[in-house]
Amino acid sequence: MYTEVPAPDLLCAGRFDEKPGFTVYREHGARNWMLSLTVTNTADYWAGGQHLATHPGDLVLIAPGAVQHYRASPDAGPWGYWWAHFQPRAAWFSWLRLPEISPGFSLTRLAGDRLAEAVAAFERVHRNAMQSTMDVGEGRLIAPSRELTGMFATELALNAIEQILLLAVVEHEQRKKHLPDPRIQCVLDRIVADPARHVTIEELARSVSLSPSRLSHLFRQEVGNSIVNVVLATRLRKAASLLEFSDHPVGRIAADVGFSSPYYFSRQFRSRFGESPSAYRARVRRHEHA
């Protein structure tokens with residue numbers, strides 16, 4: 001587990017491919033801002049008690065002082081990602097106020113041309129940033145090719161960070177125009193708030209003044225999946241977090257996340273994560289203490 005942070009006034013960036021289970025935990029965060037863009041496979045982030053899985057195109061922004069806790073997902077291939085630590089220009093602060101998932105933590109999903117532009121911008125940041133000399137383990141820090149030096153290189157790196165932030169702002173502004181149906185958002189909020197609660201589609205439909213068939217159709221249209229599958233996935237993600245961060249027996253965790261049968265829980269968990277709950281817990285903890 002790597003916890004060292006760059007000096008607060010240092011502008012640095014890199015591109016890593018980390019093995020599954022690679023973990024960073026910085027309890028007090030950093031004294032500068034951090035950007036991270038997943039480009040291959042997945043990573044797990046924890047923000048304000050929430051577990052978030054990032055996929056290619058997911059851009060994370062973490063403010064100074066916010067806990068930095070993330071890892072390369074144990075059940076996926078090597079996590080490829082770009083990162084940058086920086087101090088913002090004065091004109092950026094309105095852009096840094098992106099919608100937050102928890103205090104100091106925001107996530108923006110980029111795709112298509114915006115994703116390609118963000119990757120190219122990270123490459124420019126890396127090429128021109130003043131790199132840290134700290135050891136980040138096994139020589140994973142990629143040295144930049146120095147085309148310019150001093151003030152000009154730093155300004156070019158900051159220009160590229162500015163572009164990344166603007167891409168995130170534009171993405172959020174456009175998403176505001178395409179917000180999900182408020183009734184579907186209400187159902188999603190109820191599922192996420194208490195995934196263990198046994199609730200029927202009929203009850204959910206009544207809560208948003210829809211018929212069960214209309215809710216089911218609209219939910220799949222907006223979310224791309226069924227209510228039953230979303231509830232199951234939410235419970236299993238919660239179970240995975242409890243397996244990692246608690247010592248509760250598997251049977252208790254199954255009950256805590258809403259499964260009445262430990263056998264059915266184990267079967268569903270294996271189907272999703274490729275191994276039993278006990279094996280998952282053992283492997284994740286081996287990686288954390290490696």
Side-chain angles (χ1 to χ4, degrees), residues 1-16 18 21-38 42-55 57-73 79 81-110 118 121-122 125-126 129-137 140-141 154-155 157-173 192-193 237 241 244-246 288:
M1 183 179 291
Y2 170 64
T3 58
E4 190 176 353
V5 295
D9 59 344
L10 186 68
L11 172 61
C12 57
R15 166 68 165 79
F16 289 167
E18 298 293 0
F22 165 83
T23 304
V24 168
Y25 180 67
R26 297 168 178 147
E27 183 179 4
H28 303 292
R31 286 186 289 167
N32 47 28
W33 291 78
M34 177 184 171
L35 276 168
S36 175
L37 176 68
T38 294
T42 62
D44 299 308
Y45 281 80
W46 285 267
Q50 299 183 64
H51 167 238
L52 302 161
T54 63
H55 301 274
D58 286 349
L59 177 70
V60 168
L61 175 67
I62 303 179
V67 174
Q68 295 181 7
H69 187 191
Y70 53 91
R71 71 175 180 191
S73 297
W79 172 39
Y81 69 105
W82 285 98
W83 59 268
H85 285 267
F86 65 95
Q87 291 291 356
R89 290 168 167 162
W92 295 359
F93 282 99
S94 62
W95 307 337
L96 292 165
R97 292 196 291 270
L98 294 167
E100 294 181 324
I101 292 173
S102 69
F105 185 102
S106 71
L107 186 149
T108 306
R109 292 192 164 93
L110 302 175
F122 268 106
V125 177
H126 177 254
M130 296 297 294
Q131 290 284 346
S132 169
T133 58
M134 67 185 178
D135 177 16
V136 296
R140 287 187 295 267
L141 186 62
T154 299
E155 288 301 310
L158 289 171
N159 286 347
I161 289 177
E162 183 172 296
Q163 181 182 3
I164 295 167
L165 293 172
L166 285 172
L167 287 169
V169 170
V170 170
E171 182 67 26
H172 278 290
E173 288 299 317
V192 172
R237 285 197 299 268
S241 180
E244 182 171 358
F245 294 108
S246 81
E288 289 186 349

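FYI, the numbering just counts along the sequence from 1.
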* When you measure from the side chain of Gln87 to the backbone N and O of Arg31, does any donor-acceptor pair fall under 3.5 Å? -> yes
* To do: Check whether any side-chain heavy atom of Met34 lies under 4.5 Å from a side-chain heavy atom of Asn32, and answer yes or no.
  => no
* To do: Determine the minimum heavy-atom distance between Glu27 and Val67, stating which atoms define it.
  => O-CG2, 3.1 Å
* Grab the two heavy atoms, one from Asp58 and one from Ala53, that are nearest each other, plus how far apart they are. => OD2-O, 4.0 Å
* **Atom pair NE2/CG of His85 and Leu35 - distance to nearest 0.5 Å** => 9.5 Å
* Do Phe245 and His51 have ring centres separated by under 6.0 Å? -> no
* Asked: Can you list the steps and then say if Glu162 with Arg89 is a side-chain contact (heavy atoms from CB on, under 4.5 Å)?
  -> CA-CA 9 Å; Glu162 183 172 296; Arg89 290 168 167 162; 3.2 Å; yes
* Residues Leu61, Leu96; criterion side-chain contact (heavy atoms from CB on, under 4.5 Å); working and verdict -> CA-CA 8 Å; Leu61 175 67; Leu96 292 165; 3.9 Å; yes
* **Minimum-distance pair of heavy atoms, taken over all atoms of His55 and Thr42** => ND1-CG2, 3.1 Å
* Asked: Which value, rounded to the nearest 0.5 Å, describes the distance between Tyr70 atom OH and Arg26 atom CZ?
  -> 4.5 Å
* **Distance-minimising heavy-atom pair for Ala157 and Val125** => O-CG2, 3.6 Å
* Side-chain contact test, heavy atoms from C-beta onward, threshold under 4.5 Å: evaluate it for Arg15 versus Phe122 and give yes or no. => no
* When rounded to the nearest 0.5 angstrom, what is the spacing between CH2 in Trp92 and CG in Leu165? -> 6.0 Å
* Asked: Which distance, rounded to the nearest 0.5 Å, do you find between the CZ of Phe93 and the CZ of Arg97?
  -> 9.5 Å
* Are Ser36 and Tyr45 linked by a side-chain donor-acceptor pair shorter than 3.5 Å? -> yes
* Asked: Say you draw a straight line from CD1 of Ile101 to CG of Leu52; how long is it, rounded to the nearest 0.5 Å?
  -> 4.5 Å
* Asked: When Phe16 is tested against each of Phe22, Trp79, Tyr81 for side chain to side chain contact (heavy atoms under 4.5 Å, CB included), which residue passes?
  -> Tyr81
* Where do Ala168 and Leu98 come nearest, in terms of heavy atoms and distance? -> CB-CD1, 3.9 Å
* Measure the spacing between CD of Glu171 and CG of Leu110 and express it to the nearest 0.5 Å. => 5.5 Å
* Give the minimum heavy-atom separation between Arg71 and Trp46, together with the two atoms involved. => NE-CH2, 3.5 Å
* Asked: Side-chain contact, heavy-atom cut-off 4.5 Å: His69 with Thr23?
  -> yes
